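Everything on this sheet refers to the single structure shown next.
Counting convention: from 1, in listed order, for ligands and their atoms alike. Worth saying up front: this structure is predicted, and the values here are computed from it rather than measured.
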Amino acid sequence: MAEFKIPKPLPLPSEDSKPYWDSCQRQELLIQRCDDCGYYWLPPSILCPRCMSTNFQRVKASGKAKIFTWEVTHQALYPAFDTPFHVAIVELEEGPRMHTNIVGCKNEDLYVDMPVELFFEKVEDQDWYLPKFKPVES
Ligand SMILES: [Zn+2]
C-alpha cells in the first residue's frame, strides 16, 4: 500500500502576482522597477509603493542578496514540511526584501548580512519552482 504524503502548499497567484510566479517557473526572478522614480519593489503590485505611479517595468533580479533576518523553524505548523528549516527575509541587491528559505547551510552558520544567492527549487511531486537562497560559495 502506498504511503500517503501530504503535499506542500503552493502559491495561489492573483492577477497582479501571476507575472512574478510565471517568471519563477522559468527560473527567473522578476521584480518591478518604477519608470518615474526608479524604485524597485516586491511583492508584486499594480503601482509603485513609493510614488504611486502605474508606469513600471518587470526586470530580472541579479539573484544576489544578503540575509536581513532569519530563524530556524523546529516545529512546522503544517505537516508537509520537514524540520528544521530556515525562514529568512533577504535583501536583494536591487533593494527589495523578500520572504524565502535559506537552504544548504547549518543552523549555526547563519548570520545577518550573510551573502546569499538565488536558486529555484522544484517542489517535490509538483510542477512548481520556488525562489530560495543558498550561501554564496567562496
Ligand atoms: Zn515610483
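With waters left out, the protein N, O or S atoms under 2.8 Å from the Zn ion (ligand 1) add up to 4.
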Q.
Is there a salt bridge (charged side-chain N to carboxylate O under 4.0 Å, His left out) between Lys64 and Glu94? Walk through the geometry before answering.
A. CA-CA 9 Å; Lys64 296 177 183 170; Glu94 294 84 357; over 6 Å; no
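Atom NZ of Lys122 is surrounded by more than 12 heavy atoms from other residues, nucleotides or ligands within 6.0 Å.
For an aromatic pair to be called close, the ring centres must be under 6.0 Å apart, and Trp41 with Phe56 satisfies this.
Proximity of a side-chain donor or acceptor of Ser23 to a complementary backbone N or O of Glu28 within less than 3.5 Å is detected.
Ring geometry, Phe85 versus Phe81: the interplanar angle falls from 30° to 60°, so the pair is classed tilted.
The closest side-chain heavy-atom distance from Val59 to Tyr40 is below 4.5 Å.
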